[in-house]
Asker: 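I'd like to ask some things about the structure below.
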Amino acid sequence: NFINSNLKLENIIIKNSKSEDGINIINSKSKLSNIFFNNISADALDVDFGEMNFQNIHCEDIDNDCLDVSGATIYGENLTSINVLDKGLSAGEKSNIKIKNMNFIRNYIALAVKDGSSAFLDNIKLKENIYDIALFNKKNEFEKPTLTINKLETISKKKIIQSIGTNLLINGDNFFGTMSDQDINLNIYR
């Protein structure tokens with residue numbers, strides 16, 4: 001855990017972690033590069049508030065989320081999430097996210113943007129996820145989230161769960177949600 005810190009982490013491998021998170025960064029300014037997570041029993045990387053810049057985060061065989069962000073500003077390149085039992089990227093509580101070059105393979109949910117968060121994602125590959133995109137509110141006190149994606153090769157509308165009033169733009173095309181936040185929450189939080 002890193003709290004109220006200026007932080008630089010490079011060339012780290014975290015394997016077989018049974019703790020609450022592989023790495024938890026709270027209210028800090030951080031730079032991360034070449035971070036590899038494998039066989040983590042909770043979130044691999046949890047960022048609560050503050051700012052983070054990253055290059056090269058790789059998650060594999062994670063029991064919860066690969067990258068879980070709450071109330072933070074994130075800029076990054078090269079995020080890979082493979083065999084994640086919850087979300088590859090989870091952005092909540094008014095987070096602002098800008099990431100390019102992402103691979104999501106065999107995740108429960110590849111991308112979840114919720115609770116007033118705004119995400120701009122560029123160059124994404126999605127393969128064999130249960131859901132590719134979830135866009136909704138988990139907490140009613142926040143405004144609806146926004147997700148903009150450029151350079152996404154293919155997307156199946158069946159793999160998008162989106163609530164009414166959310167903003168989703170993929171390769172310049174608008175997508176409109178038809179589900180209620182309550183129905184999405186009942187569906188994905190098992």
Side-chain angles (χ1 to χ4, degrees), residues 1-60 62-81 84-102 104 107-122 124 133-149 166-167 181 185 188-189:
N1 290 324
F2 299 92
I3 302 169
N4 299 322
S5 302
N6 285 321
L7 180 64
K8 186 174 182 180
L9 301 175
E10 296 178 314
N11 305 316
I12 295 174
I13 298 171
I14 298 178
K15 288 186 172 186
N16 305 318
S17 172
K18 305 288 185 217
S19 64
E20 185 174 337
D21 298 310
I23 296 175
N24 184 226
I25 301 171
I26 301 169
N27 201 33
S28 297
K29 190 169 185 176
S30 55
K31 291 184 94 172
L32 281 69
S33 61
N34 304 319
I35 311 295
F36 180 87
F37 297 94
N38 181 257
N39 192 29
I40 308 297
S41 66
D43 290 341
L45 177 57
D46 190 340
V47 181
D48 299 310
F49 311 103
E51 292 181 22
M52 182 177 77
N53 288 297
F54 76 83
Q55 288 191 331
N56 305 321
I57 294 174
H58 184 100
C59 298
E60 202 162 331
I62 310 298
D63 287 351
N64 204 21
D65 299 334
C66 170
L67 175 56
D68 184 7
V69 179
S70 297
T73 299
I74 307 292
Y75 299 98
E77 292 183 29
N78 307 322
L79 173 65
T80 299
S81 178
V84 172
L85 297 182
D86 201 354
K87 300 170 201 77
L89 170 63
S90 178
E93 298 185 13
K94 292 181 79 172
S95 293
N96 288 300
I97 312 284
K98 189 172 183 179
I99 303 173
K100 63 180 178 179
N101 305 327
M102 306 170 77
F104 297 98
N107 297 265
Y108 179 63
I109 299 172
L111 304 164
V113 180
K114 54 192 185 295
D115 300 334
S117 295
S118 177
F120 181 87
L121 308 176
D122 189 39
I124 299 176
I133 296 170
L135 193 62
F136 65 102
N137 271 22
K138 184 177 179 183
K139 300 174 182 175
N140 292 330
E141 64 266 27
F142 290 100
E143 294 179 9
K144 294 290 186 173
T146 298
L147 174 58
T148 302
I149 299 174
T166 58
N167 298 300
D181 290 319
N185 281 291
I188 66 174
Y189 290 103

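Index from 1, following the sequence. Side chains included, hydrogens not; waters and symmetry mates left out as well; all remaining heavy atoms used.
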Asker: Could you tell me the separation between the CG atom of N11 and the OG atom of S33, rounded to the nearest 0.5 Å?
Answerer: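 Result: 6.0 Å between the selected atoms.
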Asker: For Y75, run the side-chain contact (heavy atoms from CB on, under 4.5 Å) check against I97, N53, I99 and tell me which one passes.
Answerer: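 Among I97, N53, I99, the one that satisfies the side-chain contact (heavy atoms from CB on, under 4.5 Å) with Y75 is N53.
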Asker: Of the non-hydrogen atoms in N34 and N56, which two are nearest, and what is the gap between them?
Answerer: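 Scanning both residues completely, I find the closest heavy atoms to be OD1-ND2, 2.9 Å.
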Asker: Do the side chain of S117 and the main chain of S95 share a donor and acceptor less than 3.5 angstrom apart?
Answerer: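 Judged by distance alone, yes, a pair lies under 3.5 Å.
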Asker: Nearest 0.5 Å, what's the CD-CZ distance between E60 and F37?
Answerer: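 Answer rounded to 0.5 Å: 13.0 Å.
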Asker: Would you find a donor on one side and an acceptor on the other, under 3.5 Å apart, between the side chain of D115 and the backbone of G92?
Answerer: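 Pair absent, no side-chain N/O of D115 close to backbone of G92.
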Asker: Using residues 45-52 as the side-chain source, report each donor-acceptor pair under 3.5 Å to any protein atom, sequence neighbours left out, with the distance given to one decimal.
Answerer:
residue: D48; atom: OD2; partner: N24; partner atom: ND2; Å: 3.3

Asker: Do you know the tightest heavy-atom contact between G88 and N107?
Answerer: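 Heavy atoms only, the tightest pair is CA-OD1, 3.8 Å.
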Asker: Measuring from I124:CD1 to I149:CD1, what's the distance to the nearest 0.5 Å?
Answerer: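 Answer for the CD1-CD1 pair, I124 versus I149, is 4.0 Å.
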Asker: For residues A112 and K87, report the shortest heavy-atom separation together with the two atoms involved.
Answerer: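 A112 and K87 have their closest heavy atoms at CB-CD, 3.4 Å.
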Asker: Taking all non-hydrogen atoms of both residues into account, name the closest pair between T166 and K144 and its distance.
Answerer: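 Residues T166 and K144, closest heavy atoms: CG2-CD, 4.0 Å.
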Asker: Ion pair present between D181 and K114, side-chain N to carboxylate O less than 4.0 angstrom?
Answerer: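 No, no charged N to carboxylate O under 4.0 Å.
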Asker: Would you give the length of the straight line joining atom CZ of F54 to atom CG of L67, rounded to the nearest 0.5 angstrom?
Answerer: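 The CZ atom of F54 sits 6.0 Å away from the CG atom of L67.
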Asker: With a 4.5 Å limit on heavy-atom distance, are the side chains of I57 and C59 in contact?
Answerer: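 A side-chain contact under 4.5 Å exists here.
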Asker: Return the minimal non-hydrogen interatomic distance between L9 and I35, and the atom names on each side.
Answerer: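 Scanning both residues, the minimum pair turns out to be O-CD1, 3.9 Å.
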Asker: Hey, could you give me the CG/CD1 distance between D86 and I188, rounded to the nearest 0.5 Å?
Answerer: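 If I round to the nearest 0.5 Å, the distance is 7.5 Å.
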Asker: Evaluate the side-chain proximity of N185 to K138: yes if any heavy-atom separation is below 4.5 Å, no if none is.
Answerer: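 Touching, per the 4.5 Å side-chain cut-off.
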Asker: Has the side chain of N38 got a donor or acceptor atom that lies under 3.5 Å from a matching backbone atom of K15?
Answerer: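 Answer holds: no.
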Asker: Quick check: do I109 and F104 have side-chain heavy atoms less than 4.5 Å from each other?
Answerer: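 I109 vs F104: side chains apart.
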Asker: Decide yes or no for D21 and D68: does some side-chain heavy atom of the first lie under 4.5 Å from some side-chain heavy atom of the second?
Answerer: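 The answer is no; the side chains never approach within 4.5 Å.
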Asker: Could you pull out the closest heavy-atom pair between A44 and C66, with the gap in Å?
Answerer: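 Scanning both residues, the minimum pair turns out to be CB-O, 3.3 Å.
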Asker: Within the 4.5 Å heavy-atom criterion, are I14 and I40 side-chain neighbours or not?
Answerer: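 Contact flag for I14/I40 side chains = yes.
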Asker: Answer whether the closest heavy-atom distance between the side chains of Y108 and L85 falls below 4.5 Å.
Answerer: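 They are not in contact (no side-chain heavy atoms under 4.5 Å apart), so the answer is no.
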Asker: Could you tell me whether K100 atom NZ has more than 12 heavy atoms of other residues or ligands within 6.0 Å of it?
Answerer: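 Open.
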Asker: Supply the atom-to-atom distance K31 NZ to L7 CG, rounded to the nearest 0.5 angstrom.
Answerer: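 These two atoms lie 11.5 Å from each other.
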Asker: Determine whether a donor-acceptor pair (N or O, by modelled atom type, separation under 3.5 Å) exists between the side chain of S28 and the backbone of S5.
Answerer: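 The answer is yes, because a donor-acceptor pair under 3.5 Å joins these two groups.
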